[in-house]
Amino acid sequence: MYRYLQRRLADRVRAFLRESYHIELEKLVIEQPPQVEMGEYALPLAFELARTLRKAPKKIADEIVAGIGVVEGFAGFEVAGAGYINARVDRVALANAVAAGEVPDLAIPLGKILVEHSSINPNKAAHIGHLRNAILGDTFVRLLREAGRSVDVQNYIDNTGVQVADVVVGFQHLEQKTYAEVEALTKLPHFDYYCWDLYARTSQWYGEDKANLQIRAATLQALEHGGNATADLAELIATAVLRRHLETMQRLDIEYDFLPRESEILRLHFWDAAFAQLKEKSVLTYEDSGKNKGCWVMKRVGASAVAEVAEGEEAAKLAEDDQKVIVRSNGTVGYVGKDIAYHMWKFGLLGKDFCYIPFYHYPEGKQCWISAEAGEAVHPHFGDVAEIYNVIDARQSDPQNTVIEALRGLGHDEMADRYTHFSYEMVALTPGCAAELGYQLSEEDAARSYIEVSGRKGFGVKADDLLDKLIASARAEVDKRHPELSDEERHETARQIAVGALRYFMLKVTKNSVIAFDFNDALSFEGETGPYAQYAVVRAGNIFRKAGLDAGHFDPSGVDFARFLQGEEGTGLWELWLVAAQTSAIVEQCIATSEPAYAAKHAFKLAQMFNSFYHGHHILTEADEARKQFLLATAYVVRRELVRVLAAMGIAVPAVM
RNA sequence: GGGCGCGUAGCUCAGAUGGACUAGAGCAUCUGCCUUCUAAGCAGAGGGUCGCAGGUUCGAAUCCUGCCGCGCCUACCA
């Protein structure tokens, strides 16, 4: 509703500018005045127009205010400061609409969106870095769905890469295990932990003797080729670890629709189809000389301009440096090539499709599908989408850009524009945290502010371990506070608190800030945390419970908003209403900027304001019945919006805390 | 060398699209507040040359340029 009024105001101002000044503004900045007393919206546009119109900002503002006249839903406009136009909404009308939960009809863009996240190599346990990816991705999916968009969630599985080969090498050569023996190990509760250690040991083993690296190369080749004992073992391992990842993510309420695997991209010959198109459109060129002789390369648009400035050999060298090898001189295609083919499939450009089989059942009944060489006749339609978001860390922005450029090269600019690399920074460990985990640090590392997690070295915090710690910590508190609950109820409450803490922890920081992980921060349930926001909801719920009312339903028709939303105190409370009313606008902002952190900030702000309200107004002992109804309406609306924004972050609220 | 990102309170971070007041939170430190709808809370105090220097602008933490410091990317690895 708040967002709807904002749009109405913007439309009216635009129309006025068009009629009176013949000006078309592409973007109209609308912000909030520093204090609610001054109004709900502030437009600084007069300052901007002052230059083009060669008039004083204040004068322009006066003209605009006089010109736009009366706008439905607004109580009035006024010029403030040196030329701000402040808009006051009709508080009573907006409060009524918000209390009734009115959702204005806003055009929702059609077209399916594909969000890909997690994409953990299936060779070891998931760690905190993967958690950030999955939580960001899942939250973005929830935000899109909250905004009414249709979304498919994919988790790309690189089951034929070196990482998997390394664990295969570990089982075959370090541990000399048979297929049956490994199969027995996969039945262990933490097969992924077993692989975590083995992977680290194998990586170390490579360093001991150069000959060991040849074993790795041979293993990798066997995996890519398929149809042999080594590939079978890899399939066993990768699938078992993948299941573990899905289980881990399920603990955090993260689910997927489809798991495309690299093995199918290879065996269903996606690359051949892509290669033909790329050659035809000359996106790829064959090098018959220079350092990339015998390779198919992609020229990157960016630096060819630089190369033109240079001359002769210098220019040739620069141009060469800017080539991206897609097909190696031995004829094999690299990772980026496969990725290009895969993304052509996503946009329905490849002319090929995966086969599908059901792979994983979620308790709520949802089915997660996986790619296969031969599959079920009836399956959901994946791919062929309008927009894609790839949640991949910032280190991958180079290859991501190569894929986008390839799409442009093929003439699909529109799709390239709807391809978003949802980039985020890594999670690293503080030196203190590393020491706590028992890792030996070099002097150099100990002096850093953070140290990069490394699966290869087995250096990091495993996702399940962290979650276990959080649950144990929450559980201790729940046991103390609610001995009356059953064991099951206490566990579920602790789990929801732990998930709330973890998800909030990952979401409160903006994407491009490195998270220096520390147990103290992550295990905190106080201050700016998920449990703080959950607690505010529980408190609001308690008011209704004690009053014998249903917190989920409230009839606001009898509330006298006009009486309670004016004056000094009314304005203070109105501020709370206004923030609650902004949830949809925040969701929209998160989507527009691919930044879920705004939702976290909003949830915290709302919870904080509510807690303050809670202390200042004792609702159930309020003698004035009309006032009590108004206060109840306030608690109801804040609770409802808080639940909504937390749900968009994947944070459920326990019944009690 | 080139590309991307970061530098704001003791610590961890917000300040999207330049704006109106004293640059804000949380943690930590210190002071108060549990007989009230749960203190996982509330009220308050102290703590800042927004890395440095210029520039653009009516207005810069935010935009531009140059420095300084840190990180990542820059392979016929995936």
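Every chain is numbered from 1, with letters handed out A, B, ... down the list of sequences.
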Q | Atom-pair distance (CZ on A/Phe505; C1' on B/G26), nearest Å | A | 13 Å
**Q.** Pair partner, B/U22 [Watson-Crick or wobble, under 3.5 Å]
**A.** none
Q) In whole Å, what is the span from the CG atom of A/Asn611 to the P atom of B/A39? A) 9 Å
Q | Candidates B/A20, B/A16, B/U38 - which lies nearest the side chain of A/Thr593 | A | B/A16
Q.
I'd like the P distance from B/G54 over to B/G32, given in whole Å.
A. 47 Å
(Q) Counting only side-chain nitrogens and oxygens, does A/Asn542 get under 4.0 Å of the OP1 or OP2 atom of B/U38? (A) yes
Q. Can you tell me how far C1' in B/G47 sits from the matching atom in B/C30, rounded to whole Å?
A. 12 Å
Q. B/G41 phosphate, OP1 or OP2: any side-chain N/O from A/Gln608 under 4.0 angstrom?
A. no
(Q) Side chain of A/Glu526, heavy atoms from C-beta onward: which of B/G41, B/A20, B/U38 has the nearest atom to it? (A) B/G41
Q.
Would B/C42 be called syn or anti here, given the cut-off of 90° from 0?
A. anti
Q: Return the value, rounded to whole Å, for the distance between atom CG of A/Asp521 and atom P of B/G26.
A: 15 Å
Q.
Closest approach to the side chain of A/Lys601, judged atom by atom: which nucleotide of B/C37, B/A14, B/A20 is it?
A. B/A14
Q: Sugar-phosphate atoms are those with a prime plus P, OP1 and OP2; base atoms are the rest. Using that split, label each nucleotide of nucleotides 1-6 of chain B B, S or - for protein heavy atoms under 4.0 Å, 5' to 3'.
A: ----SS
(Q) Rounded to whole Å, please give me the gap between CD in A/Gln396 and P in B/A75. (A) 14 Å
Q. Where the side chain of A/Pro531 is concerned, which of B/A40, B/C72, B/U38 is the nearest nucleotide?
A. B/A40
Q: State whether the distance check finds a donor on one side and an acceptor on the other, under 3.5 Å, for side chain A/Gln589 versus base B/A16.
A: yes
Detail all sub-3.5 Å separations between protein N/O atoms and N/O atoms belonging to nucleotides 57-64 of chain B.
none

Q.
When you compare the side chains of A/Gln32 and A/Gln582, does any donor N or O come within less than 3.5 Å of an acceptor on the partner?
A. yes
Q.
If you compare every side-chain N and O of A/Tyr532 against the phosphate oxygens of B/C42 (OP1, OP2), does one of them come in below 4.0 Å?
A. yes
Q | Residue pairs involving residues 589-609 of chain A (criterion side chain to side chain donor-acceptor pair (under 3.5 Å); sequence neighbours excluded) | A | A/Glu528-A/Lys601
Q. Is the centre of the A/Tyr450 ring less than 6.0 Å from the centre of the A/Phe517 ring?
A. no
Q | Residues A/Arg88, A/Glu40: salt bridge by 4.0 Å N-O rule | A | no
Q. A/Tyr535 OH to B/C42 P: how many Å, rounded?
A. 10 Å
Q: Measure the distance from CG on A/Asn520 to P on B/U12 and round it to the nearest whole Å.
A: 13 Å
Q) Contact class for A/Asp339 vs. all strands (heavy atom < 4.0 Å): base, sugar-phosphate, or nothing? A) nothing
Q | Separation between the P atoms of B/G7 and B/U62, rounded to whole Å | A | 11 Å
Q | Atom-to-atom span, CZ of A/Phe610 to C1' of B/U38 - whole angstrom | A | 12 Å
Q: Verify the contact: side-chain N or O of A/Lys546 to OP1 or OP2 of B/U38, cut-off strictly under 4.0 Å; return yes or no.
A: yes
Q. What integer number of Å spans the C1' atoms of B/A60 and B/C77?
A. 45 Å
Q: Compare side-chain N and O positions of A/Arg481 against OP1 and OP2 of B/A40 and report whether any pair is under 4.0 Å apart.
A: yes
**Q.** Candidate pair A/Gln6 and A/Tyr41, rule side-chain contact (heavy atoms from CB on, under 4.5 Å), full reasoning
**A.** CA-CA 8 Å; A/Gln6 177 166 333; A/Tyr41 303 98; 3.6 Å; yes
Q. With sequence neighbours excluded, what pairs up with A/Arg495 under the salt bridge (charged side-chain N to carboxylate O under 4.0 Å, His left out) test?
A. A/Asp253, A/Glu492
Q) Between atom CG in A/Leu507 and atom C1' in B/U12, what is the gap in whole Å? A) 16 Å
Q.
My understanding is that a pair needs two contacts under 3.5 Å, Watson-Crick or G-U wobble. By that rule, which nucleotide pairs with B/A43?
A. B/U31
Q | Sequence neighbours excluded - side chain to side chain donor-acceptor pair (under 3.5 Å) pairs with any residue from residues 511-521 of chain A | A | A/Thr430-A/Asp518
Q: Could you identify which residues of residues 612-621 of chain A place a heavy atom less than 4.0 Å from some atom of RNA chain B, listed by residue number, or say none?
A: A/Ser612, A/Tyr614, A/His615, A/His617, A/His618, A/Ile619, A/Leu620
(Q) Under the side-chain contact (heavy atoms from CB on, under 4.5 Å) test against A/Phe505, which residue among A/Ile135, A/Thr529, A/Ile515 passes? (A) A/Ile515
Q | Under-3.5 Å donor-acceptor pair between A/Asn292 side chain and B/A75 base | A | no
Q | Among A/Asn123, A/Val164, A/Asp166, A/Val241, the one residue meeting side-chain contact (heavy atoms from CB on, under 4.5 Å) with A/Cys195 | A | A/Val241
Q) For B/U38, what is the paired nucleotide under Watson-Crick or G-U wobble rules, both distances under 3.5 Å? A) none
Q.
Can you see if the side chain of A/Arg539 gets near the phosphate of B/A40 - specifically, an N or O under 4.0 Å from OP1 or OP2?
A. no
